[in-house]
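As the structure is a prediction and not an experimental result, all values here were calculated from the model. Here is the naming used below: chain letters follow the sequence lines, and residue numbers restart at 1 for every chain.
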2 protein chains.
Amino acid sequence: MVHGQDRVRPSTRARVLEVIEALGYVPDSAAQSMVRQRKEVIGLLAVESRSPDTDVEQQGLLFIEEVLRGVEASLGEIEWSLLIALLRDDDPAGAYRRMQKISAKVDGLLIAEGIVSSEHLARVAARVPVVLVAGSPGEPHADVFGVDNRAGTRAAVGHLVERHGRTRLFEIAGPPAAPDARERRSALEEAVAAHPGATLTGSFQGWFAALSGQLAVREILARPQRERPDAIVCANDQMAIGAIRELQTAGVRVPADMAVVGFDDMHAGALLNPPLTTVRQPMRLLGERACARLLQRIAQPALPRHVERLPAELVIRESCGCGPGEAGAVRTA
Amino acid sequence: MVHGQDRVRPSTRARVLEVIEALGYVPDSAAQSMVRQRKEVIGLLAVESRSPDTDVEQQGLLFIEEVLRGVEASLGEIEWSLLIALLRDDDPAGAYRRMQKISAKVDGLLIAEGIVSSEHLARVAARVPVVLVAGSPGEPHADVFGVDNRAGTRAAVGHLVERHGRTRLFEIAGPPAAPDARERRSALEEAVAAHPGATLTGSFQGWFAALSGQLAVREILARPQRERPDAIVCANDQMAIGAIRELQTAGVRVPADMAVVGFDDMHAGALLNPPLTTVRQPMRLLGERACARLLQRIAQPALPRHVERLPAELVIRESCGCGPGEAGAVRTA
DNA sequence: ATCGCACATCTAAGCGTTTACATACCACTG
DNA sequence: CAGTGGTATGTAAACGCTTAGATGTGCGAT
């Protein structure tokens, strides 16, 4: 009676509802789930990196925070809930068990970044629909949403070379395990190749933590002056922040002596001195879209697989060499 | 057989387990919850502020992020899960409905900051155990964990006055609706009163967003030079960041002309120029402790009410006037 | 006065597990 | 050979809710 259009006198219904409210009664969701065959919960899985030198900030949430907001907002509207779990990357077996257990508590799963092996993913996807956020586009068992890493990287390189005449670029790459890092890396190589004057003078294999930015800079500063790059392209903002800090303590002026650009547009970047020029990912939108797709797939499991890249945006601040007046955002192709 | 010590031949058990694994079978949690009367899920409620001028960063998660990590880690160990919801502060009735619905999906609730009216809280607490994080210590229907705002504020003021000889303080307060903001405000007044030479030259009623810091500074700069304060004590880091930014664009040197201290120790503070001196809340610990207590109360609902303040720490960086070499953390009483 | 219809109320099955208990089996011992 | 104890297997109830369908009631029409 409470839910459906049971044929009861309106006055009766009102009275019942009133008593329900007075008693503070709320139907038990487990029982409802049983009969409805739907839990009205979706899960969000992120990594909590446990590598010894990973910044706290990098661990798990921060990256995913905006995504989470988008998801939560979408879910809130239909009164579903969000279950979140941070998987430790130092224990794949444990992570898999954890994921299995969680898959029993939700109607669908959102998984951030390629943190789950393809086989494990396949097994989980057999139980509940899965949508990957910033995952590998090749994953056959899930829908995938990501950002257009190539266009973003291209825009950053283009700006550095064409607008600021920087030609000796250096790359601080992300961990090869991350699909996004791989795409940014190859896009950078292509973009450099596309500009006749520009060269890639070196590359540092980082792991997305600020410390890797610092280490990379030390490596750069160990070179003789004339072999140094004039711009550093980082695979994320964390590393860019680490790099800038290390450059400044070494007395290298940013951006005068060395331009630095990041990727992600995390909040802290705008607070830096100089403010960080970076490629913005529309994280919140990513969350909303991925969530919408997941809900759709929960309703109709047979939907064809869907892969989508959302546009990135070059956010011009000052670490690239632009002045305060030139700040702005450029939509990439 | 799968869980309990059913007396089956070990070989049989092994074979069954193997098939289970092969099929990827995972028992449905809703059914398990029914019979066990336990969902193995706890909920975390945070506010998502919808006031028009609230910084994105301030909304909900960022503040609670470390707490969330602590909670998640504690929960992960016992294989429970975390349900999170961001309540919009512009719709109390909707928030209450949402909270009720969520209370049906969890075994207990962690609620951040006094975002829920006491009556609503009482009704929810009647259904599931509730622990408040950074909530009002007076709340009769829940355990409460918070930070020692008084000691933290006292330490900050003491440092400013005794170490740096600042005597003309200015307060940028948080919203009176937040219990933490109220405590910091009264503690500031007490601390100033406790230092004979020091006076509180003014106070701005902010709302925890960076913009309120900027507005406060404009108000200060509108005063004649000699009536200006020489130090600003902010009720959180966001506002301190806004204040510093506004001071710097107005050409006021920080900390030389004006010292600024914050509260919270959010990550971005360390990245600022000058790095922000602030009072650190042990957020992660707060999360762990609150979570531990909640689990305990779920096991034994009749436990007596518990209120606890965790110690704050004065994190000395440079915005107070200290040099880079003097950085460090001071445990407050 | 009786029938039938619309409308209100009551009943019971079933969702996927766990668990307590009953039943069946086997080998051993008296 | 029957009785017994230890094990293995099978059965059914219960968890809290929804919902379809059975049952019951009151009214107007015949």
Selection residues 121-140 of chain A - residue pairs positive for salt bridge (charged side-chain N to carboxylate O under 4.0 Å, His left out), sequence neighbours left out: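 Output for this query lists A:Arg123-B:Glu21.
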Of all pairs that satisfy salt bridge (charged side-chain N to carboxylate O under 4.0 Å, His left out), the ones with a partner from residues 174-184 of chain A, not counting sequence neighbours: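 Found A:Asp180-A:Arg184, A:Glu183-A:Arg309, A:Arg184-A:Asp264.
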In this structure, how many angstroms lie between the [atom2] atom of [N] and the [atom1] atom of [X], rounded?
| X | N | atom1 | atom2 | answer |
| --- | --- | --- | --- | --- |
| A:Arg38 | C:dG16 | CZ | C1' | 17 Å |
| B:Glu40 | C:dT18 | CD | P | 11 Å |
| A:Gln32 | D:dT18 | CD | C1' | 9 Å |

Partner set under salt bridge (charged side-chain N to carboxylate O under 4.0 Å, His left out) for B:Asp107, not counting sequence neighbours: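 If we apply the salt bridge (charged side-chain N to carboxylate O under 4.0 Å, His left out) test to B:Asp107, skipping adjacent residues, there are no hits.
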For nucleotides 12-15 of chain D, print each protein N/O atom paired with a nucleotide N/O atom at under 3.5 Å, atom names and distance only.
residue, atom, partner, partner atom, Å
D:dC15, O3', B:Gln37, NE2, 3.3
D:dC15, O2, B:Val35, N, 3.4

Side-chain N or O of B:Tyr25 closer than 4.0 Å to phosphate OP1/OP2 of C:dG16: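 Answer no for this pair, as no side-chain N or O of B:Tyr25 is under 4.0 Å from OP1 or OP2.
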Show which side-chain atoms of residues 78-86 of chain A pair as donor or acceptor with protein atoms under 3.5 Å away, not counting sequence neighbours.
residue, atom, partner, partner atom, Å
A:Glu79, OE2, B:Arg97, NH2, 2.9
A:Ser81, OG, B:Lys105, NZ, 2.9

Pair listing, ring-ring contact (aromatic ring centres under 6.0 Å, His included) test, anchored in residues 115-143 of chain A, at least two apart: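 For residues 115-143 of chain A, and leaving out neighbouring residues, the ring-ring contact (aromatic ring centres under 6.0 Å, His included) pairs sorted by first residue read A:Tyr96-A:His120.
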Pairwise side-chain contact, B:Leu45 with B:Leu110, heavy-atom cut-off 4.5 Å (strictly under):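 Counting from C-beta outward, B:Leu45 and B:Leu110 never come under 4.5 Å.
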